[in-house]
Amino acid sequence: MFRTVYRVYEISLFGSLSQFDLLKLTGFIETVLASSIAKAYIDEIRQKVETFDRQPVLVGFLANNDPAARMYANWTKKTCEESGFKYVLKEVNKEELEDEVLAANEDDEVNGMMVYFPVFGTRQDQYLQQLISPEKDVEGLSHIYLQNLYHNVRYLDKEEKKKSILPCTPLAIVKILEYLGVYNTLIPYGNRLYGKTITVINRSEIVGRPLAALLANDGAVVYSFDIENVQRFTRGKGLKMKHHEVADVDISLKDATNISDVVITGVPTESYKFPVEYLKDGAVCINFSSFKNFDPEVKNHASLYVPSIGKVTISMLLRNLLRLIDNKSQ
Ligand SMILES: NC(=O)C1=CN([C@@H]2O[C@H](COP(=O)(O)OP(=O)(O)OC[C@H]3O[C@@H](n4cnc5c(N)ncnc54)[C@H](O)[C@@H]3O)[C@@H](O)[C@H]2O)C=CC1
Ligand SMILES: Nc1nc(=O)c2c([nH]1)NC[C@@H]1CN(c3ccc(C(=O)N[C@@H](CCC(=O)O)C(=O)O)cc3)C=[N+]21
């Protein structure tokens with residue numbers, strides 16, 4: 001009797017709804033905010049800083065008029081101050097930047113620094129990036145750190161006391177994928193993305209390319225798109241390699257995203273919208289661009305959607321800063 005009543009109830013409530021509406025009603029489609037992911041890291045960082053005798057100091061060099069960079073600097077300042085760090089924003093001319101970075105490298109009061117890019121918008125920007133001493137590079141973009149990442153080397157020393165620094169935006173995306181349960185914790189550490197296919201739309205040197213390598217090193221098959229071509233990053237069948245290899249491949253965005261468990265976008269234009277109808281049903285979608293690369297309809301296809309990641313990136317910046325301080329004391 002009870003069963004019959006229940007069924008009638010179910011049909012009258014849900015009968016006219018699509019499968020998607022049903023999922024929404026039962027709470028399976030989630031927009032996950034970066035702030036909720038960042039909170040645990042920020043709490044941990046704040047507790048550690050409380051044990052220090054001196055406030056760690058982060059310097060940001062701003063030499064452009066990019067509103068995204070200024071906003072990012074403001075958020076960083078706010079998070080620093082809430083977590084016990086001192087943040088100093090230095091607004092300088094492009095021409096002064098080289099000397100300013102070299103002076104900060106020598107300044108014992110400065111624990112970490114970053115330059116907001118683009119500055120010249122040319123290869124001179126990479127030159128400036130590499131001027132920052134690896135000991136003070138909170139973004140983890142120094143050549144030695146990138147080389148370690150690409151070769152899946154996790155430590156700076158033979159004794160394995162000093163951890164290599166990971167680039168903060170790719171690292172933030174890894175932490176988000178862990179939080180969302182895409183990393184399978186039953187699989188041994190280092191292989192936890194085995195069996196996952198991931199598409200990354202962006203192959204910049206500061207985010208998209210290191211991110212594709214990091215995900216492939218953890219076992220995923222990664223399709224990396226830029227405006228020109230597609231590359232596949234993998235550790236080979238059965239993860240036979242220690243670190244990833246890269247191959248140019250001929251696959252459309254539609255075919256790649258149709259088989260992807262995760263789609264990550266970072267296209268820096270307002271007009272770009274990822275065609276959400278390409279998504280595999282129940283995919284996980286993450287956007288790190290300052291523009292919304294997904295229209296709200298993404299929720300009709302995705303199981304989890306993270307619309308922006310800035311707050312997690314900033315918590316990784318501060319985490320990297322603590323690691324630099326740790327490495328120095330080893
Ligand atoms: N949330 C965060 O923590 C961070 C966010 N960002 C944001 O991410 C975005 C990207 O930044 P960057 O990587 O530095 O930019 P970038 O301009 O250096 O690189 C953009 C990449 O996207 C690719 N691309 C552009 N249009 C495309 C298209 N239609 N299809 C496929 N690929 C396309 C380009 O080929 C290139 O690989 C910006 O909006 C930036 O503000 C950047 C760093 C950190
Ligand atoms: N050396 C360097 N490293 C950078 O990482 C860097 C840079 N230069 N120059 C400027 C761009 C810009 N950028 C963003 C950070 C967070 C969000 C972001 O998504 N923030 C908010 C969204 C805010 C909103 O629009 O509501 C959030 O996640 O909550 C966007 C853009 C990093 N940048």
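Remember, predicted model here, so these are calculated numbers, not experimental data. When a residue number appears, it is its place in the shown sequence, counting from 1.
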More than 12 heavy atoms of other groups within 6.0 Å of Glu270 CD: no

Nearest heavy-atom neighbours spanning Leu58 and Cys80: CD2-SG, 3.9 Å

Under-4.0 Å salt bridge between Asp107 and Lys90: no

Does a side-chain N-to-carboxylate-O contact under 4.0 Å join Asp125 and Lys94? no

Is the distance between the ring centroids of Phe291 and Tyr272 less than 6.0 Å? no

Steps toward side chain to side chain contact (heavy atoms under 4.5 Å, CB included) verdict (Phe288, Asn293): CA-CA 9 Å; Phe288 68 81; Asn293 290 170; over 6 Å; no

Going by heavy atoms in the side chains, are Pro307 and Asn287 under 4.5 Å from each other? no

Crowded around Glu82 CD? As in, over 12 foreign heavy atoms under 6.0 Å? yes

Looking at Lys39 and Asp43, is there a salt bridge between them, counting it only when a charged N and a carboxylate O are closer than 4.0 Å? yes

Can you establish whether the number of heavy atoms outside Lys311 located under 6.0 Å from its atom NZ is more than 12? no

At what distance, to the nearest 0.5 angstrom, does CG of Asp281 lie from CG of Asn300? 10.0 Å

Do Phe61 and Met114 touch side chain to side chain, with heavy atoms closer than 4.5 Å? no

Are any non-hydrogen side-chain atoms of Ile286 and Thr265 less than 4.5 angstrom apart? no

Verify, without hydrogens or angle tests, whether Glu91 (side chain) and Ala63 (backbone) share a donor-acceptor contact under 3.5 angstrom. no

Heavy atoms of other groups near Lys240 NZ, more than 12 under 6.0 Å: yes

Are there more than 12 heavy atoms of other residues, nucleotides or ligands under 6.0 Å from atom CZ of Arg54? yes

Return the CD to CZ distance between Glu95 and Phe120, rounded to the nearest 0.5 Å. 5.5 Å

Pair Gln129-Phe117, side chain to side chain contact (heavy atoms under 4.5 Å, CB included): steps then yes or no: CA-CA 9 Å; Gln129 176 68 58; Phe117 293 109; 2.9 Å; yes

Under 3.5 Å donor-acceptor, Arg203 side chain and Asn229 backbone: yes

Checking Leu166 against Leu214 for the side chain to side chain contact (heavy atoms under 4.5 Å, CB included) test, could you report, in this order, the C-alpha distance in whole Å, the side-chain angles of both residues, the deciding distance, and whether it holds? CA-CA 9 Å; Leu166 287 166; Leu214 207 51; 3.8 Å; yes

Between NZ of Lys328 and CG of Asn111, what distance do you get to the nearest 0.5 Å? 7.5 Å

Taking the six-membered ring for Trp, are Phe233 and His244 parallel (under 30°), tilted (30 to 60°) or perpendicular (over 60°)? parallel

Side-chain donor or acceptor of Arg232 paired with backbone N/O of Ala247 under 3.5 Å: no

Report the C-alpha distance between Asn327 and Glu135 in whole Å, list the side-chain angles of each, state the deciding distance to 0.1 Å, and finish with yes or no for side chain to side chain contact (heavy atoms under 4.5 Å, CB included). CA-CA 8 Å; Asn327 282 350; Glu135 290 184 2; over 6 Å; no

For Asp326, run the salt bridge (Lys or Arg N to Asp or Glu O under 4.0 Å) check against Lys162, Lys163, Lys161, Lys48 and tell me which one passes. Lys48

Given the rule in the salt bridge (charged side-chain N to carboxylate O under 4.0 Å, His left out) test, do Arg46 and Glu50 qualify, once you have shown the distances and angles that lead to the verdict? CA-CA 6 Å; Arg46 189 187 297 120; Glu50 273 170 11; 5.7 Å; no

